Amino acid sequence: MMETKAPVSSAVHYDSKEVELRLLAFWDKERVYKFDPEQKGEIYSIDTPPPTVSGRMHIGHAFSYAQQDIIARYKRLRGFNVFYPWGTDDNGLPTERLVEKLKNVKGSKMDRQAFIALCEQTRKELLPDFIADWKRIGVSCDFSMSYSTIDANCRRISQWSLIDLNKKGRFYRKNAPALWCPLCETGISQMECQDAEKPSTFNDIVFKVDGMELIIATTRPELLPACVAIFAHPNDDRYKKLIGKKAVVPLFNHEVQIYADGRVDPSKGSGIVMCCTFGDQTDMQWYLAFNLPLKEAIAKNGKLTALAGKYQGLSVHDARKAMLADLKSAGLLRHQKPIQHPVKVHERCQTEIEIIQSKQWFIKYLDLKEKMIEWGSELRWHPDFMVHRYNNWVNGLQWDWLVSRQRFFGVPMPVWYCKKCDEAVLADEKNLPVDPLIDQPPIKKCKCGSTEFVPEKDILDTWVTSSMTPKLAAELLPAKYRSKVFPMSLRPQAHEIISFWLFNTLFKSEIHFNSVPWRDVALSGYVTDPQGEKMSKSKGNIVAPETVLAKYSADALRYWAGGSKLGEDIAYQEKELVAGDRFVKKLWNVAKFIAPQIESFDSKGKVSEVLDFWILSRLAQTISAAAEAFDHYEYSKARMVIDQFFWRDFCDNYVELVKNRAYEGSAAEKLSCQVALLACLSAVVRLMAPFTPFICEEVYQLYLKSREGVKSVHLSGWPVAPKVDESAEKVGEVVLAVLAAVRKKKSEAKVSMKVPLKRLVIECSVDISAALDDLKATVNAERVEIGKASEEVVPGVKVTAEF
RNA sequence: GGACCCGUAGUUUAGUGGCUAUAACGCAUCCCUUACACGGAUGAGGUCGGCAGUUCGAAUCUGCCCGGGUCCACCA
């Protein structure tokens with residue numbers, strides 16, 4: 001660290017910018033957060049969420065990473081050997097989309113290798129700036145231990161995961177209907193779907209049955225060419241007589257059978273429905289249950305196929321318009337009713353999803369629902385009700401996990417196919433990672449005798465890699481230490497990705513390692529704007545962390561983040577940042593008062609005065625209450641009790657009460673409060689270090705380091721609680737009540753607090769004589785006596801104060 | 001439609017059966033007291049969403065209702 005300035009000559013005002021940047025450099029240089037597996041202390045390992053390299057850190061990141069860092073710093077102070085590695089998520093669709101945007105290219109129109117190279121290059125360009133944002137808010141990861149989800153080791157582990165799943169009979173390839181994003185042109189999984197409320201229209205369209213009109217309502221007329229059947233409810237009297245007959249599809253004139261099935265809702269639309277391959281999941285169920293033919297009207301790029309005849313090549317949207325126009329002019333469109341309905345969209349691009357048949361790789365897990373619920377119950381959830389979200393998701397699972405992606409930049413599928421019989425050949429474990437486009441398959445000859453293989457071009461869903469983060473983190477260490485950090489102690493993450501990241505990681509860990517991946521899960525909420533609206537670019541209510549940091553300190557930002565409970569969303573409120581900065585200044589100022597008091601005194605000195613015993617007793621309670629809260633991940637509660645002690649007991653009252661003694665007292669009287677002042681300051685900087693690491697470090701460096709000899713407050717250990725002294729506490733309570741009463745008198749008289757009192761009489765059952773000197777000086781009374789008094793200020797305490 | 005969370009001063013919030021319901025911001029009045037005016041002291045402000053019940057006693061427990069939110073499902 002740069003030479004610290006002498007305490008006395010330090011700036012009157014605290015310059016957070018200067019201090020924070022200086023301390024960041026100091027922590028870096030001194031490797032304060034370096035993880036050493038050989039160091040003593042029980043390991044506490046954190047499965048850090050690897051953020052996606054996409055532009056910059058947003059306020060939600062700042063919020064949740066600050067929260068997890070508060071936990072990490074607390075554990076470090078408690079003497080745990082904290083394994084807190086860093087990672088970035090930079091493979092697959094998010095990175096591709098970012099690169100396409102930044103470099104103005106289209107992955108599908110470029111040479112594959114060139115596009116991958118461009119992605120790699122862009123990632124490297126962005127990374128240093130990207131990480132700097134996290135460092136700036138004081139994230140105490142060991143950044144020398146980081147993975148990138150596209151690096152060779154991560155590719156190896158992802159591919160190994162599939163090979164292991166394959167061994168366990170959970171990896172399969174199937175030509176089946178699957179969720180498909182026509183914009184990204186890839187199959188996707190259920191977890192990547194989102195619901196979007198979109199306007200649509202119920203169109204009453206005329207089919208013909210035996211020459212008679214049959215009106216069917218549909219929102220998707222463009223699927224008419226893919227219509228393969230018609231369904232009505234078996235008990236629906238309106239349509240009973242039609243069951244078993246054939247209907248003619250308008251515009252396309254092919255015949256389809258009319259069936260009865262209980263899945264039809266008679267009250268919806270016309271109560272009779274056309275089944276197309278595929279309009280929705282019910283269509284898919286009917287397709288399977290009734291063995292219906294497959295008619296593909298929509299191609300993988302979202303355009304209509306040759307099956308659509310003259311509509312071929314139109315987009316879904318355009319085809320819908322064109323067909324409706326044609327139906328109308330043919331008199332086959334009877335009625336249109338506008339509706340709002342939810343549509344599945346791809347969460348990355350908001351494109352409406354289609355169900356399209358294709359050959360894809362899946363991970364089989366639908367058979368494991370019961371097990372999954374059991375695994376979920378083995379975790380300690382914070383807050384505990386979040387387990388419901390998990391259970392709800394598991395119970396609602398309907399698809400196996402589709403993991404192949406028809407994209408370019410990501411972890412390659414470690415698979416080749418026999419050119420002749422299409423048998424899949426998986427890579428050999430010992431050759432990983434592989435790229436089938438470059439590397440050769442592990443066998444020379446297929447079972448069928450063919451020696452020619454074609455590489456799989458698809459890549460893996462990013463979640464295949466992300467779901468391995470505990471393993472990715474552990475493998476940053478030499479092999480002999482890996483079992484020490486797994487299962488990990490904590491997974492901190494946002495609650496909205498329980499169904500993605502948490503679920504997948506838990507599943508994989510149980511299947512691969514037969515173990516939970518972590519013991520504790522801490523779910524953070526997200527940041528809303530001051531009105532409680534979710535922040536989003538489209539609403540224009542985004543608050544950028546750099547804007548906040550331009551105005552407030554990183555300590556203030558963390559103080560704000562530390563004020564919310566786990567799992568609770570928080571509104572961005574400037575006043576919380578103001579409060580954070582106020583705390584920083586207060587600590588700075590009180591430290592400046594204490595500094596000369598503790599500059600030199602016998603460190604073996606003892607406390608002898610009752611009020612000093614009182615504050616130490618309060619400190620002791622604060623330390624244990626804070627620890628209790630922290631141990632349950634209730635850091636906001638910890639912050640509250642520390643704040644209350646520091647502000648009310650210590651600054652507003654104790655310091656005022658002992659000031660006179662500190663300046664004017666006898667050597668023994670001075671020594672007593674010096675010992676207490678030092679103990680309090682030394683404890684407060686440790687207690688608050690998880691929240692406001694910068695100011696606490698600065699105060700520690702300036703005033704405490706030379707006494708204590710540890711290089712950083714963050715390595716200095718949790719404060720040791722002094723003895724609780726109940727009789728001193730009783731005295732303290734009375735003294736505080738009297739002090740408040742006198743202050744009130746003076747306020748009512750509208751005079752300065754230093755205006756002298758002629759006489760102060762106190763009546764109470766507690767013997768407070770030992771505190772009278774301090775009290776007398778603080779209220780500036782000429783005489784203080786114990787005796788009959790007139791005014792009850794709190795139960796059992798009466799006071800008479802005369803000017 | 002299913003599940004879950006939340007509703008306490010103007011705002012944010014503490015408080016899971018018991019003293020007169022917390023605190024911060026804001027507001028009002030006063031005070032330049034040698035750590036801090038980037039501060040301090042004092043004060044005003046709440047029928048704890050509503051109704052009913054359990055209980056000696058309910059912000060707290062139960063039921064119903066109202067309001068806000070999230071996740072999941074619904075996509076004809």
Side-chain angles (χ1 to χ4, degrees), chain A residues 12-14 190 193-198 200 202-203 216-220 223 227 230-231 263-265 268-276 279-283 286 339 341-344 352-353 355 383 385-398 495-499 525-526 528 530 532-534 563-565 567-571 573-576 578-579 581-582 584-597 636-637 640-641 643-644 647-648 651-652 655-656 659-660 663 739-740 742-755 778 780 794-795:
Chain A
V12 177
H13 295 313
Y14 178 76
Q190 189 181 347
C193 300
Q194 256 177 8
D195 290 344
E197 195 61 35
K198 299 236 166 148
S200 185
F202 251 132
N203 304 289
I216 298 181
T218 178
T219 58
R220 301 207 59 184
L223 284 174
C227 179
I230 288 169
F231 286 92
R263 277 167 277 212
V264 179
D265 176 359
K268 196 162 181 175
S270 49
I272 184 160
V273 50
M274 66 174 195
C275 168
C276 309
D280 64 18
Q281 269 186 72
T282 323
D283 286 353
W286 282 323
I339 54 161
H341 72 164
V343 181
K344 258 197 199 352
E352 290 187 29
I353 279 163
I355 296 175
F385 63 79
M386 285 293 178
V387 72
H388 295 302
R389 295 269 183 96
Y390 171 85
N391 291 342
N392 202 12
W393 165 258
V394 169
N395 290 328
L397 277 176
Q398 298 185 48
H495 63 67
E496 65 255 46
I497 52 173
I498 287 174
S499 52
Y526 55 77
T528 67
E533 299 262 337
K534 200 164 179 174
S564 99
K565 288 200 231 178
E568 230 162 66
D569 300 337
I570 193 172
Q573 298 218 98
E574 201 144 350
K575 66 181 192 185
E576 274 293 301
V578 172
D581 267 343
R582 270 183 73 230
V584 168
K585 284 167 196 155
K586 193 74 175 175
L587 180 55
W588 175 248
N589 283 319
V590 81
K592 274 196 308 181
F593 163 72
I594 297 171
Q597 303 297 327
S636 63
K637 200 170 182 179
M640 206 174 61
V641 298
D643 249 350
Q644 235 159 45
W647 219 276
R648 205 164 42 186
C651 292
D652 292 347
V655 168
E656 291 303 322
K659 217 179 246 175
N660 183 67
Y663 289 131
L739 184 56
V742 174
R743 282 169 169 170
K744 187 172 172 178
K745 278 262 179 225
K746 290 186 176 177
S747 268
E748 278 165 1
K750 299 193 175 186
V751 297
S752 162
M753 290 299 142
K754 68 174 186 188
V755 164
T778 308
N780 197 18
V794 291

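Given the structure is predicted, the values throughout are model-derived calculations rather than measurements. Residue numbers begin at 1 in each chain, while the letters A, B, ... track the order of the sequences.
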May I ask you to test the A:Glu352-A:Lys344 pair for a side-chain heavy-atom distance under 4.5 Å? no
For atom C1', what is the distance between B:A58 and B:G17, given to the nearest Å? 7 Å
What's the gap between B:G7 and B:G46 when it is taken at their C1' atoms, as a whole Å value? 14 Å
Phosphate OP1/OP2 of B:A41: any A:Arg648 side-chain N/O under 4.0 Å: no
Does the base of B:C38 carry an N or O that pairs as donor and acceptor with the side chain of A:Lys585 under 3.5 Å? yes
Does a side-chain N or O of A:Lys344 approach OP1 or OP2 of B:C74 to a distance below 4.0 Å, or not? yes
Can a side chain N or O of A:His341 be found less than 4.0 Å away from OP1 or OP2 on B:A76? yes
Less than 3.5 Å between a donor and an acceptor, one on the side chain of A:Asp195 and one on the base of B:C74, is that the case here? yes
When the P atoms of B:C48 and B:U20 are considered, how many whole Å apart are they? 16 Å
Quick one: A:Lys754 NZ to B:U33 P, roughly how many Å, whole number? 4 Å
Looking at the side chain of A:Trp393, which of B:A41, B:A14, B:C72 is the nearest nucleotide? B:C72
Extract all donor-acceptor atom pairs below 3.5 Å that involve side chains of residues 389-396 of chain A and protein atoms in other chains or at least two apart in sequence.
unit_1   : atom_1 : unit_2   : atom_2 : d
A:Arg389 : NH1    : A:His495 : ND1    : 3.2
A:Tyr390 : OH     : A:Met372 : O      : 2.7
A:Asn395 : ND2    : A:Asn391 : O      : 3.1

Note: A:Lys745-A:Glu748 ion pair, threshold 4.0 Å (strictly below): no
Among B:A76, B:C36, B:A14, which nucleotide has an atom closest to any side-chain atom of A:Thr219? B:A76
Interatomic distance where CG belongs to A:Asn203 and P belongs to B:C75 [whole Å]: 17 Å
Between P of B:C75 and CG of A:Asp280, the distance in whole Å: 5 Å
In whole angstrom, give me the gap between the C1' atoms of B:C4 and B:A73. 14 Å
Does B:U34 have OP1 or OP2 under 4.0 Å away from a side-chain N or O of A:Lys659? no
In terms of side-chain heavy atoms of A:Tyr526, which of B:U70, B:A14, B:U12 is nearest? B:U70
Does A:Ser752 place a side-chain N or O at less than 4.0 Å from the phosphate oxygens OP1/OP2 of B:C32? no
Is A:Ala217 touching bases, backbone alone, or none of the nucleic acid, heavy atoms closer than 4.0 Å? sugar-phosphate
Between B:C71 (P) and A:Leu397 (CG): distance, integer Å: 17 Å
Considering only heavy side-chain atoms of A:Pro795, the closest of B:A14, B:U42, B:U20 is B:U20
Integer angstrom distance from the C1' of B:G26 to that of B:G10: 8 Å
Looking at A:Gln398, does any N or O in its side chain come under 4.0 Å of the phosphate oxygens OP1/OP2 on B:C74? yes
Pair of N/O donor and acceptor under 3.5 Å linking B:U11 base with A:Lys575 side chain: yes
I want to verify a distance call: between B:C36, B:A76, B:A3, whose nearest atom is closest to the A:Asn589 side chain? B:C36
Please work out if A:Asp265 contacts a base, only the sugar-phosphate, or nothing of the nucleic acid, heavy-atom cut-off 4.0 Å. base
Which stems does RNA chain B form, counting runs of 3 or more consecutive Watson-Crick or G-U wobble pairs with both distances under 3.5 Å? B:1-7 with B:66-72, B:10-12 with B:23-25, B:27-31 with B:39-43, B:49-53 with B:61-65
Which nucleotide sits closest to the side chain of A:Asn392: B:U22, B:C72, B:A41? B:C72
Could you please name the option among B:A41, B:C38, B:G15 that lies closest to any side-chain atom of A:Lys637? B:G15
Distance check, P atoms only: B:C25 and B:G39, in whole angstrom units. 9 Å
Among B:C25, B:C74, B:A41, which nucleotide has an atom closest to any side-chain atom of A:Asp652? B:A41
Can you name the closest pair of heavy atoms from A:Tyr14 and A:Val584 and give their distance? CE2-CG1, 3.3 Å
For A:Thr778 and A:Glu656 the tightest heavy-atom approach is OG1-O, 3.4 Å
Here's a test of your reading of the structure: between A:Phe385 and A:Ile594, which maps to the more 5' nucleotide of RNA chain B? A:Phe385
Please determine if a side-chain N or O atom of A:Gln190 lies less than 4.0 Å away from the OP1 or OP2 oxygen of B:A73. yes
Please confirm whether the shortest side-chain N or O distance from A:Trp647 to OP1 or OP2 of B:C36 is below 4.0 Å. no
Assign each of A:Phe202 and A:Glu576 to its nearest nucleotide of RNA chain B by heavy atoms, then name whichever residue's nucleotide is nearer the 5' end. A:Glu576
Considering only atom P, compute the distance from B:C61 to B:C5 and round it to an integer number of Å. 12 Å
Taking the same atom, C1', in B:U42 and in B:U47, what whole-Å distance lies between them? 27 Å
Roughly, in whole Å, what's the span from NZ in A:Lys750 to C1' in B:A28? 10 Å
Side-chain donor/acceptor contact of A:Lys586 with base of B:C36 under 3.5 Å: yes
Counting only side-chain nitrogens and oxygens, does A:Lys565 get under 4.0 Å of the OP1 or OP2 atom of B:G15? yes
Interatomic distance where NZ belongs to A:Lys592 and P belongs to B:C38 [whole Å]: 12 Å
Examine B:A24: is either OP1 or OP2 under 4.0 Å from a nitrogen or oxygen in the side chain of A:Arg582? Give yes or no. no
